[in-house]
Amino acid sequence: MPQSLSRVLLHMVFSTKDRQPLISPDLCGKLHAYLIGVLRNLDCPSIQVGGTDDHVHLLLVLSRTRTIAGVVEEVKTSSSKWAKTQGVPAFAWQTGYGVFSVSESRADDVVAYIQGQEEHHRHRTFQDEFREFLQRHQVPFDERHVWA
(Lines give C-alpha, C1' and ligand atoms only; values in the text may rest on other atoms or scores of the structure.)
Protein backbone atom coordinates (compact mmCIF):
# COMPACT_ATOMS: atom_id res chain seq x y z
CA MET A 1 0.00 0.00 0.00
CA PRO A 2 1.63 3.28 -1.09
CA GLN A 3 -0.24 5.44 1.47
CA SER A 4 -0.19 5.51 5.25
CA LEU A 5 -3.72 6.16 6.46
CA SER A 6 -5.19 6.31 9.93
CA ARG A 7 -8.01 7.71 12.03
CA VAL A 8 -7.34 7.24 15.71
CA LEU A 9 -9.71 9.05 18.08
CA LEU A 10 -8.41 9.92 21.54
CA HIS A 11 -10.13 11.27 24.64
CA MET A 12 -7.50 13.24 26.53
CA VAL A 13 -8.09 14.41 30.12
CA PHE A 14 -5.91 16.46 32.45
CA SER A 15 -6.41 18.85 35.32
CA THR A 16 -4.88 21.99 36.67
CA LYS A 17 -2.10 21.50 39.19
CA ASP A 18 -3.60 20.35 42.50
CA ARG A 19 -7.00 20.65 40.80
CA GLN A 20 -7.04 24.37 41.51
CA PRO A 21 -10.13 26.11 40.04
CA LEU A 22 -8.05 28.34 37.75
CA ILE A 23 -10.24 28.15 34.64
CA SER A 24 -12.70 30.96 35.27
CA PRO A 25 -15.84 31.38 33.15
CA ASP A 26 -14.09 34.31 31.42
CA LEU A 27 -10.99 32.24 30.63
CA CYS A 28 -12.82 29.02 29.74
CA GLY A 29 -14.03 29.85 26.21
CA LYS A 30 -10.76 31.48 25.26
CA LEU A 31 -8.76 28.53 26.64
CA HIS A 32 -10.86 26.03 24.74
CA ALA A 33 -10.42 28.03 21.52
CA TYR A 34 -6.67 28.17 22.15
CA LEU A 35 -6.53 24.39 22.70
CA ILE A 36 -8.44 23.84 19.44
CA GLY A 37 -5.85 26.00 17.63
CA VAL A 38 -2.90 24.14 19.15
CA LEU A 39 -4.40 20.80 18.13
CA ARG A 40 -5.07 22.07 14.61
CA ASN A 41 -1.45 23.24 14.33
CA LEU A 42 -0.31 19.76 15.39
CA ASP A 43 -2.47 18.21 12.64
CA CYS A 44 -4.62 16.66 15.37
CA PRO A 45 -8.02 18.20 14.73
CA SER A 46 -10.30 18.51 17.72
CA ILE A 47 -13.77 17.03 17.64
CA GLN A 48 -14.84 18.42 21.03
CA VAL A 49 -13.15 20.41 23.78
CA GLY A 50 -14.68 21.09 27.18
CA GLY A 51 -14.24 20.85 30.89
CA THR A 52 -14.76 22.75 34.11
CA ASP A 53 -12.82 25.14 36.31
CA ASP A 54 -10.16 22.55 37.15
CA HIS A 55 -9.77 20.24 34.15
CA VAL A 56 -10.23 19.77 30.42
CA HIS A 57 -11.42 17.01 28.11
CA LEU A 58 -10.21 16.88 24.50
CA LEU A 59 -11.61 14.54 21.88
CA LEU A 60 -9.24 14.62 18.94
CA VAL A 61 -7.97 12.79 15.91
CA LEU A 62 -4.33 11.79 16.40
CA SER A 63 -2.06 12.72 13.51
CA ARG A 64 -0.35 9.68 12.07
CA THR A 65 3.00 11.46 12.48
CA ARG A 66 2.64 12.47 16.16
CA THR A 67 3.00 10.58 19.40
CA ILE A 68 0.47 10.86 22.20
CA ALA A 69 3.14 12.06 24.63
CA GLY A 70 4.33 14.71 22.17
CA VAL A 71 0.81 16.03 21.59
CA VAL A 72 0.11 16.19 25.33
CA GLU A 73 3.39 17.96 26.02
CA GLU A 74 2.81 20.58 23.33
CA VAL A 75 -0.82 21.17 24.30
CA LYS A 76 -0.08 21.51 28.00
CA THR A 77 3.11 23.58 27.66
CA SER A 78 1.78 26.09 25.16
CA SER A 79 -1.62 26.50 26.83
CA SER A 80 -0.05 26.97 30.26
CA LYS A 81 2.19 29.72 28.92
CA TRP A 82 -0.77 31.27 27.12
CA ALA A 83 -2.97 31.23 30.27
CA LYS A 84 -0.27 33.13 32.15
CA THR A 85 -0.44 35.88 29.52
CA GLN A 86 -4.20 36.05 30.14
CA GLY A 87 -3.76 37.20 33.73
CA VAL A 88 -3.49 33.86 35.53
CA PRO A 89 0.17 33.88 36.63
CA ALA A 90 -0.21 30.77 38.81
CA PHE A 91 -1.66 28.68 35.98
CA ALA A 92 -0.16 25.20 35.61
CA TRP A 93 -1.37 21.79 34.54
CA GLN A 94 -0.89 18.64 36.59
CA THR A 95 2.14 16.56 35.67
CA GLY A 96 0.20 13.58 34.38
CA TYR A 97 -2.72 12.99 32.05
CA GLY A 98 -5.11 10.31 30.88
CA VAL A 99 -5.64 9.33 27.27
CA PHE A 100 -8.22 6.80 26.20
CA SER A 101 -9.00 5.35 22.78
CA VAL A 102 -12.46 5.99 21.40
CA SER A 103 -14.23 3.90 18.82
CA GLU A 104 -15.70 5.87 15.92
CA SER A 105 -19.06 4.37 16.84
CA ARG A 106 -18.83 5.95 20.33
CA ALA A 107 -17.55 9.38 19.29
CA ASP A 108 -20.99 11.01 19.56
CA ASP A 109 -21.34 9.66 23.11
CA VAL A 110 -17.99 11.17 24.08
CA VAL A 111 -18.93 14.50 22.48
CA ALA A 112 -22.14 14.56 24.54
CA TYR A 113 -20.22 13.61 27.67
CA ILE A 114 -17.75 16.46 27.18
CA GLN A 115 -20.54 18.92 26.44
CA GLY A 116 -22.24 17.93 29.70
CA GLN A 117 -19.26 18.56 31.97
CA GLU A 118 -20.78 21.46 33.92
CA GLU A 119 -23.84 19.44 34.85
CA HIS A 120 -21.88 16.24 35.40
CA HIS A 121 -19.55 17.87 37.91
CA ARG A 122 -22.31 19.29 40.05
CA HIS A 123 -22.57 15.78 41.47
CA ARG A 124 -19.14 14.24 41.00
CA THR A 125 -15.53 15.25 41.58
CA PHE A 126 -12.84 15.18 38.94
CA GLN A 127 -11.02 12.52 40.97
CA ASP A 128 -14.06 10.22 40.98
CA GLU A 129 -14.57 10.79 37.26
CA PHE A 130 -10.93 10.04 36.47
CA ARG A 131 -10.87 6.88 38.61
CA GLU A 132 -13.92 5.65 36.70
CA PHE A 133 -12.17 6.26 33.36
CA LEU A 134 -9.13 4.32 34.53
CA GLN A 135 -11.26 1.43 35.75
CA ARG A 136 -13.49 1.38 32.65
CA HIS A 137 -10.45 1.31 30.37
CA GLN A 138 -8.67 -1.25 32.58
CA VAL A 139 -5.71 1.01 33.27
CA PRO A 140 -3.80 -0.15 36.35
CA PHE A 141 -2.97 2.74 38.67
CA ASP A 142 -1.53 3.56 42.06
CA GLU A 143 -3.64 6.16 43.83
CA ARG A 144 -0.49 7.66 45.41
CA HIS A 145 0.84 8.71 42.00
CA VAL A 146 -2.30 9.71 40.07
CA TRP A 147 -2.83 13.20 41.51
CA ALA A 148 0.65 14.75 41.20
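Heavy atoms only: backbone and side chains are in, while hydrogens, waters and symmetry mates are out. For the single chain, residues carry numbers from 1 onward in sequence order.
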Asks: Do Arg19 and Gln127 have side chains that approach each other closer than 4.5 Å (heavy atoms only, starting at C-beta)?
Replies: yes
Asks: Give the minimum heavy-atom separation between Ala107 and Leu9, together with the two atoms involved.
Replies: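 In this case the closest contact between Ala107 and Leu9 is CB-CD1, 3.8 Å.
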Asks: Decide if atom CZ of Arg131 counts as having more than 12 heavy atoms of other residues, nucleotides or ligands within a radius under 6.0 Å.
Replies: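 Check passes, neighbour count above 12.
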Asks: Among residues at least two apart in sequence or on other chains, which ones pass side chain to side chain donor-acceptor pair (under 3.5 Å) with Thr125?
Replies: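 Checked Thr125 against side chain to side chain donor-acceptor pair (under 3.5 Å); matches are Asp128.
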Asks: Sequence neighbours left out, what passes side-chain contact (heavy atoms from CB on, under 4.5 Å) with Glu132? Give chain and number order.
Replies: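 Per chain and number, Glu132 pairs via side-chain contact (heavy atoms from CB on, under 4.5 Å) with Arg124, Arg136.
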Asks: Count the heavy atoms belonging to other residues, nucleotides or ligands that lie under 6.0 Å from CG of Asp109, then report whether that count exceeds 12.
Replies: yes
Asks: Excluding sequence neighbours, so at least two apart, what forms side-chain contact (heavy atoms from CB on, under 4.5 Å) with Ala69?
Replies: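 Applying side-chain contact (heavy atoms from CB on, under 4.5 Å) to Ala69 gives Thr67, Tyr97.
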Asks: Look up atom OG in Ser79 and atom CD in Gln86, then write down how far apart they are to the nearest 0.5 Å.
Replies: 11.5 Å
Asks: Excluding sequence neighbours, so at least two apart, what forms salt bridge (Lys or Arg N to Asp or Glu O under 4.0 Å) with Glu73?
Replies: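 Partners of Glu73 by the salt bridge (Lys or Arg N to Asp or Glu O under 4.0 Å) criterion come out as none, since no residue qualifies.
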Asks: Can you list every side-chain hydrogen bond (donor to acceptor under 3.5 Å, both in side chains) pair that touches residues 23-33, not counting sequence neighbours?
Replies: none
Asks: So, do Ile114 and Leu59 sit near enough that their side-chain heavy atoms are less than 4.5 Å apart?
Replies: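 Heavy-atom side-chain distance check passes, below 4.5 Å.
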Asks: Val72 versus Met12: any side-chain heavy-atom pair under 4.5 Å?
Replies: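 Heavy-atom side-chain distance check passes, below 4.5 Å.
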Asks: Which heavy atom in Ser6 sits nearest to a heavy atom in Arg64, and how many Å separate them?
Replies: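 In terms of heavy atoms, the two residues are closest at OG-CB, 3.3 Å.
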Asks: Heavy-atom distance under 4.5 Å between the side chains of Ser15 and Phe130, does that happen here?
Replies: no
Asks: Run the side-chain contact (heavy atoms from CB on, under 4.5 Å) test on Val75 and Leu58 for me, step by step, so that the C-alpha distance in whole Å, both residues' side-chain angles and the decisive distance to 0.1 Å come before the verdict.
Replies: CA-CA 10 Å; Val75 166; Leu58 312 171; 4.1 Å; yes
Asks: Between the main-chain N or O of Gly96 and the side-chain N or O of Lys76, is there a donor-acceptor pair closer than 3.5 Å?
Replies: yes
Asks: Please round to the nearest 0.5 Å and tell me the distance separating atom CZ of Phe91 and atom CD of Gln20.
Replies: 11.0 Å
Asks: When rounded to the nearest 0.5 angstrom, what is the spacing between OG1 in Thr16 and CG in Asp53?
Replies: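 Going from the OG1 atom of Thr16 to the CG atom of Asp53 covers 7.5 Å.
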Asks: Tell me which donor-acceptor pairs under 3.5 Å the side chains of residues 35-52 have, and how far apart each pair is, sequence neighbours excluded?
Replies:
| unit_1 | atom_1 | unit_2 | atom_2 | d |
| --- | --- | --- | --- | --- |
| Asn41 | ND2 | Gly37 | O | 3.4 |
| Gln48 | OE1 | Gln115 | NE2 | 3.2 |
| Thr52 | OG1 | Asp54 | OD1 | 3.0 |
| Thr52 | OG1 | His55 | ND1 | 3.1 |

Asks: Side chain to side chain donor-acceptor pair (under 3.5 Å) with Thr85: which residues, sequence neighbours excluded?
Replies: none
Asks: Sorted by first residue and then second, give each ring-ring contact (aromatic ring centres under 6.0 Å, His included) pair with at least one member in residues 5-26; sequence neighbours left out.
Replies: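 Residue pairs passing ring-ring contact (aromatic ring centres under 6.0 Å, His included), neighbours aside: His11-His57, His11-Phe133, Phe14-Trp93.
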Asks: Excluding sequence neighbours, so at least two apart, what forms side chain to side chain donor-acceptor pair (under 3.5 Å) with Tyr113?
Replies: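 Scan of Tyr113 (side chain to side chain donor-acceptor pair (under 3.5 Å), adjacent residues dropped) gives His120, Glu129.
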Asks: What's the spacing between Ile68 CD1 and Ser63 OG if we round to 0.5 Å?
Replies: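 It comes to 12.0 Å.
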Asks: Quick check for you: to the nearest 0.5 Å, what is the distance between Arg106 atom CZ and Ser101 atom OG?
Replies: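 Atom-to-atom, Arg106:CZ and Ser101:OG are 11.5 Å apart.
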Asks: Identify the heavy atoms of Ala92 and Ser80 that sit nearest to each other, and give their distance.
Replies: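 Shortest heavy-atom separation between Ala92 and Ser80 comes out as CA-OG, 3.9 Å.
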Asks: Can you name the side chain to side chain donor-acceptor pair (under 3.5 Å) partners of Glu104, sequence neighbours left out?
Replies: Arg7
